Amino acid sequence: MLDKISQTKTQLETELNSISSLIDLDNFRIKFLTRKGIIAELFEELKSISIEIKPHIGKVLNELRTFAQNEFEKKNLEFESVKNKSQKIDLTIPGKKNWTGTKHPLTQTLGEVKRIFSQMGFQIAQGPEIEDDYHNFEALNFPPNHPARDMQDTFFISEKILLRTHTSPVQIRIMEKQSPPIRVIIPGRVYRNEAISSRSYCLFHQVEGLYVDEKVSFSELKGTLVAFVKQFYGSNLKYKFRPSFFPFTEPSAEMDISCFLCNGKGCRVCKFSGWLEILGCGMVHPNIFKNINVDTEKYSGYAFGMGIERIAMLLYGVDDIRLFYENDVRFLKQF
Ligand code: DAH
């Protein structure tokens with residue numbers, strides 16, 4: 001019996017040395033370590049061994065089983081670590097961060113403007129960016145020699161075709177198609193042939209407003225714009241309307257709000273005046289209505305226009321308009 005045990009040990013050691021795969025290792029386990037394996041068979045034989053030598057042989061056999069089990073575990077661990085190395089899993093590496101994009105600050109600002117005016121019953125309309133002289137200037141009551149028609153300010157495509165310099169021509173396009181009541185805001189891109197600087201860019205965005213109906217008054221215009229600025233900038237801000245001039249409105253005004261950065265005390269952003277100009281507005285000029293055959297006895301209207309970049313710059317404290325167009329992620333991800 002002792003011979004058999006030592007032969008088994010020799011066999012087991014040879015086979016251990018020739019294990020080169022997980023399959024070999026499993027075969028080894030089946031051959032020696034299972035209930036029908038060689039070692040179990042030896043334990044079966046032990047039962048019929050005479051009682052005097054049984055304890056001694058039993059001890060040697062137990063040592064063989066422990067040896068076989070330990071060797072099996074060792075080999076198994078070796079295979080595991082080789083597997084981990086070959087897959088190059090480094091569990092200490094921090095996970096990859098998934099960056100999600102954010103909405104562009106201009107889109108966010110425009111979204112908020114749209115939301116507020118939609119709540120007040122304004123619909124959203126659009127018009128072409130490539131315009132003709134008639135809609136961009138003539139129908140809006142710009143005299144033929146008005147400086148805005150100058151090549152300095154306008155990108156002309158041909159003598160009568162240009163990139164729109166404001167969203168006001170869409171007022172005309174809407175009134176040509178639709179009769180009052182009209183209550184729309186018109187967001188969109190506009191273009192100006194200006195020297196690029198921190199304050200002006202060759203393109204920017206405006207939101208135009210137009211309300212035409214019977215008996216529309218200047219106080220309604222004021223009420224609507226005051227409601228807008230209070231929702232947009234905060235309810236305890238101060239405001240004022242200053243007389244101004246636009247060819248397509250009469251009377252015309254510009255709206256200023258108290259600087260929300262310094263509360264009107266005076267700072268760099270408001271140029272130490274305590275006030276910020278935020279939009280132009282007025283009552284639709286009768287000449288406009290005449291140009292498109294709207295009955296001026298029956299209808300009146302108001303219009304307003306504001307620059308999205310300007311209000312976004314004020315809102316977020318951005319001091320260079322070019323940042324909106326450079327697509328620098330370090331800038332954009334702050335919003
Ligand atoms: N179109 C003007 C501009 O680009 C802004 C403006 C002023 C629009 C007064 C209006 C308005 O509708 O009533 O400077």
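For reference, positions follow the sequence shown, starting with 1. Atoms within a ligand are numbered from 1 in the order they appear, just like the ligands themselves. Since the model is a prediction, treat every value here as computed from it, not as a measurement.
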Checklist entry - Does a salt bridge link K36 with E41, judged by any charged N lying under 4.0 Å from a carboxylate O? => result no
Item to check | Qualifying side chain to side chain donor-acceptor pair (under 3.5 Å) pairs, either residue in residues 230-243, two or more places apart | outcome: R242-D256
Contacts table for residues 303-321: side-chain donor-acceptor under 3.5 angstrom, sequence neighbours left out:
residue	atom	partner	partner atom	Å
E309	OE1	H205	N	2.8
E309	OE2	H205	N	3.3
E309	OE2	H205	ND1	2.9
E309	OE2	Y325	OH	2.4
R310	NE	E277	O	2.7
R310	NH2	E277	O	2.9
D320	OD1	R322	N	3.0
D320	OD1	R322	NE	3.0
D320	OD2	R322	NE	3.4
D320	OD2	R322	NH2	2.9

Checklist outcome for this item: A40 and T34 have their tightest heavy-atom pair at CB-O, 3.6 Å
Checklist outcome for this item: For residues 71-103, the ring-ring contact (aromatic ring centres under 6.0 Å, His included) pairs (sequence neighbours left out) are none
Checklist entry - Using a 4.0 angstrom limit on heavy atoms, which residues are close to ligand 1? => result H166, S168, Q171, R192, Q206, E208, F246, F248, T249, G280, C281, G282, A303, F304, G305
Checklist entry - Do R173 and D132 meet the salt-bridge criterion of a basic N to acidic O distance under 4.0 Å? => result yes
